[in-house]
Peer 1: 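Can you keep this structure in mind? I'll have questions shortly.
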Amino acid sequence: MQDLITINIVIADRSYRLKINKSQEELIRKTCKIINDKIIEFKSSLAGRDMQDYVAMALVWFASDQRQQSNDLIRLSEMMQTVQQMEATAEKLLE
(Lines give C-alpha, C1' and ligand atoms only; values in the text may rest on other atoms or scores of the structure.)
Protein backbone atom coordinates (compact mmCIF):
# COMPACT_ATOMS: atom_id res chain seq x y z
CA MET A 1 0.00 0.00 0.00
CA GLN A 2 1.14 3.55 -0.67
CA ASP A 3 2.74 5.51 2.16
CA LEU A 4 0.19 8.36 2.44
CA ILE A 5 0.68 11.30 4.75
CA THR A 6 -1.42 14.35 5.49
CA ILE A 7 0.16 17.75 5.06
CA ASN A 8 -1.08 21.32 5.34
CA ILE A 9 -0.05 23.78 2.67
CA VAL A 10 -0.74 27.48 2.35
CA ILE A 11 -1.37 29.16 -0.99
CA ALA A 12 -2.34 32.83 -1.11
CA ASP A 13 -2.96 32.99 2.64
CA ARG A 14 -5.33 30.01 2.53
CA SER A 15 -4.61 26.70 4.18
CA TYR A 16 -5.26 23.39 2.40
CA ARG A 17 -5.03 19.89 3.82
CA LEU A 18 -3.74 17.27 1.39
CA LYS A 19 -3.20 13.52 1.51
CA ILE A 20 -0.17 12.69 -0.59
CA ASN A 21 2.50 10.07 -1.05
CA LYS A 22 5.37 10.73 1.32
CA SER A 23 7.74 10.81 -1.66
CA GLN A 24 5.87 13.82 -3.09
CA GLU A 25 6.06 16.02 0.00
CA GLU A 26 9.24 17.90 -0.86
CA LEU A 27 8.09 18.57 -4.44
CA ILE A 28 4.69 19.84 -3.30
CA ARG A 29 6.17 22.10 -0.63
CA LYS A 30 8.70 23.56 -3.09
CA THR A 31 5.96 24.09 -5.68
CA CYS A 32 3.81 25.91 -3.12
CA LYS A 33 6.76 28.13 -2.24
CA ILE A 34 7.29 29.02 -5.90
CA ILE A 35 3.59 29.79 -6.33
CA ASN A 36 3.48 31.96 -3.20
CA ASP A 37 6.64 33.79 -4.27
CA LYS A 38 5.05 34.54 -7.65
CA ILE A 39 1.88 35.76 -5.96
CA ILE A 40 3.98 38.14 -3.84
CA GLU A 41 5.79 39.29 -6.99
CA PHE A 42 2.49 40.01 -8.75
CA LYS A 43 1.14 41.80 -5.66
CA SER A 44 4.05 44.20 -5.78
CA SER A 45 3.81 44.84 -9.53
CA LEU A 46 0.00 44.89 -9.91
CA ALA A 47 -1.06 47.04 -6.97
CA GLY A 48 -4.74 47.44 -6.23
CA ARG A 49 -5.89 44.01 -7.40
CA ASP A 50 -7.49 41.31 -5.27
CA MET A 51 -5.95 37.98 -4.28
CA GLN A 52 -7.85 36.04 -6.96
CA ASP A 53 -6.16 38.14 -9.65
CA TYR A 54 -2.72 37.38 -8.20
CA VAL A 55 -3.49 33.67 -7.98
CA ALA A 56 -4.74 33.66 -11.57
CA MET A 57 -1.60 35.41 -12.79
CA ALA A 58 0.59 32.95 -10.86
CA LEU A 59 -1.35 30.07 -12.39
CA VAL A 60 -0.85 31.42 -15.92
CA TRP A 61 2.86 31.94 -15.24
CA PHE A 62 3.27 28.45 -13.76
CA ALA A 63 1.40 26.68 -16.57
CA SER A 64 3.33 28.63 -19.22
CA ASP A 65 6.63 27.81 -17.54
CA GLN A 66 5.76 24.10 -17.42
CA ARG A 67 4.81 24.08 -21.12
CA GLN A 68 8.08 25.81 -22.01
CA GLN A 69 10.06 23.22 -20.06
CA SER A 70 8.16 20.42 -21.83
CA ASN A 71 8.88 21.99 -25.20
CA ASP A 72 12.56 22.31 -24.26
CA LEU A 73 12.67 18.61 -23.33
CA ILE A 74 11.07 17.65 -26.65
CA ARG A 75 13.63 19.73 -28.56
CA LEU A 76 16.46 18.21 -26.54
CA SER A 77 15.19 14.72 -27.30
CA GLU A 78 14.98 15.51 -31.02
CA MET A 79 18.53 16.91 -30.99
CA MET A 80 19.80 13.79 -29.22
CA GLN A 81 18.20 11.60 -31.89
CA THR A 82 19.84 13.68 -34.61
CA VAL A 83 23.24 13.39 -32.91
CA GLN A 84 22.80 9.61 -32.58
CA GLN A 85 21.96 9.37 -36.28
CA MET A 86 25.01 11.44 -37.14
CA GLU A 87 27.20 9.21 -34.95
CA ALA A 88 25.83 6.11 -36.65
CA THR A 89 26.52 7.62 -40.07
CA ALA A 90 30.05 8.61 -39.03
CA GLU A 91 30.75 5.11 -37.72
CA LYS A 92 29.59 3.59 -41.01
CA LEU A 93 31.84 5.97 -42.97
CA LEU A 94 34.83 5.13 -40.77
CA GLU A 95 34.42 1.36 -41.25
Side-chain angles (χ1 to χ4, degrees):
M1 181 152 230
Q2 295 176 342
D3 189 18
L4 294 179
I5 61 170
T6 301
I7 64 169
N8 291 313
I9 60 167
V10 176
I11 297 176
D13 301 327
R14 283 190 152 182
S15 182
Y16 299 93
R17 189 175 175 99
L18 300 176
K19 251 189 188 174
I20 60 167
N21 289 328
K22 185 163 179 57
S23 62
Q24 294 178 310
E25 182 178 10
E26 183 179 0
L27 175 64
I28 289 173
R29 291 196 186 278
K30 285 181 179 180
T31 301
C32 289
K33 180 177 179 352
I34 291 168
I35 291 169
N36 284 315
D37 289 347
K38 273 296 170 186
I39 289 170
I40 291 168
E41 183 181 319
F42 286 122
K43 278 174 105 172
S44 66
S45 65
L46 301 173
R49 303 285 186 145
D50 68 2
M51 188 59 76
Q52 185 174 348
D53 292 333
Y54 304 133
V55 172
M57 293 305 295
L59 176 62
V60 168
W61 170 83
F62 193 77
S64 298
D65 187 58
Q66 293 300 312
R67 283 192 62 90
Q68 182 61 47
Q69 288 181 19
S70 293
N71 288 340
D72 291 347
L73 286 174
I74 290 169
R75 275 190 238 120
L76 178 61
S77 176
E78 290 170 350
M79 288 188 332
M80 288 176 62
Q81 288 176 349
T82 302
V83 168
Q84 288 172 346
Q85 290 171 349
M86 291 170 67
E87 286 177 342
T89 302
E91 286 178 12
K92 286 181 185 176
L93 292 173
L94 293 173
E95 289 178 356

Peer 1: State plainly whether the residues Lys38 and Glu41 are in salt-bridge range, i.e. N to O under 4.0 Å.
Peer 2: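 Judged by the 4.0 Å cut-off on N to carboxylate O distance, Lys38 and Glu41 do form a salt bridge.
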Peer 1: If you group Ile, Leu, Val, Met, Phe, Trp and Tyr by side-chain heavy-atom gaps below 4.5 Å, do Ile7 and Val10 land in one group?
Peer 2: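 No, no single cluster joins them.
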Peer 1: State yes or no: do Leu27 and Phe62 share one hydrophobic cluster built from I, L, V, M, F, W and Y residues joined by side-chain heavy-atom distances below 4.5 Å, directly or via other members?
Peer 2: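 Looking at the clustering, Phe62 is in a separate group from Leu27.
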Peer 1: Rounded to the nearest 0.5 Å, what separates atom NZ in Lys33 from atom CD1 in Ile11?
Peer 2: 13.5 Å
Peer 1: If you compare all heavy atoms of Glu25 against all heavy atoms of Ile20, which two are closest, and at what distance to 0.1 Å?
Peer 2: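 Result for this residue pair: CA-CD1, 3.5 Å.
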Peer 1: Would you call Val55 and Ile39 a side-chain contact if the rule is heavy atoms closer than 4.5 Å?
Peer 2: yes
Peer 1: Look up atom NZ in Lys43 and atom CG in Asp50, then write down how far apart they are to the nearest 0.5 Å.
Peer 2: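 Interatomic distance, Lys43 NZ to Asp50 CG, rounded to 0.5 Å: 10.5 Å.
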Peer 1: As an exercise, state the distance from OG1 of Thr31 to CD1 of Ile9, rounded to the nearest 0.5 Å.
Peer 2: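 Between Thr31 OG1 and Ile9 CD1, I get 9.5 Å after rounding to 0.5 Å.
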Peer 1: Heavy atoms only: give me the nearest Phe42-Tyr54 pair and the separation to one decimal.
Peer 2: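 In terms of heavy atoms, the two residues are closest at O-CE2, 3.6 Å.
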Peer 1: Starting at CG of Asp13, measure out to CE of Met51 and round the result to the nearest 0.5 Å.
Peer 2: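 Asp13 CG to Met51 CE: 4.5 Å, rounded to 0.5 Å.
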Peer 1: Supply the atom-to-atom distance Tyr16 OH to Arg14 CZ, rounded to the nearest 0.5 angstrom.
Peer 2: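 Here the interatomic distance stands at 5.0 Å.
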Peer 1: Indicate, with yes or no, if Ile5 and Leu18 share a hydrophobic cluster defined by side-chain heavy-atom contacts under 4.5 Å among Ile, Leu, Val, Met, Phe, Trp and Tyr.
Peer 2: yes
Peer 1: Do Leu46 and Leu59 belong to the same hydrophobic cluster, where Ile, Leu, Val, Met, Phe, Trp and Tyr are linked whenever their side-chain heavy atoms lie under 4.5 Å apart, directly or via other members?
Peer 2: no
Peer 1: Nearest 0.5 Å please: distance from the CG atom of Asp37 over to the CD1 atom of Ile35.
Peer 2: 10.0 Å
Peer 1: If we ignore hydrogens and angles and just use 3.5 Å, is the side chain of Asn8 paired with the main-chain N or O of Ser15 as donor and acceptor?
Peer 2: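 Such a contact is absent between Asn8 side chain and Ser15 backbone.
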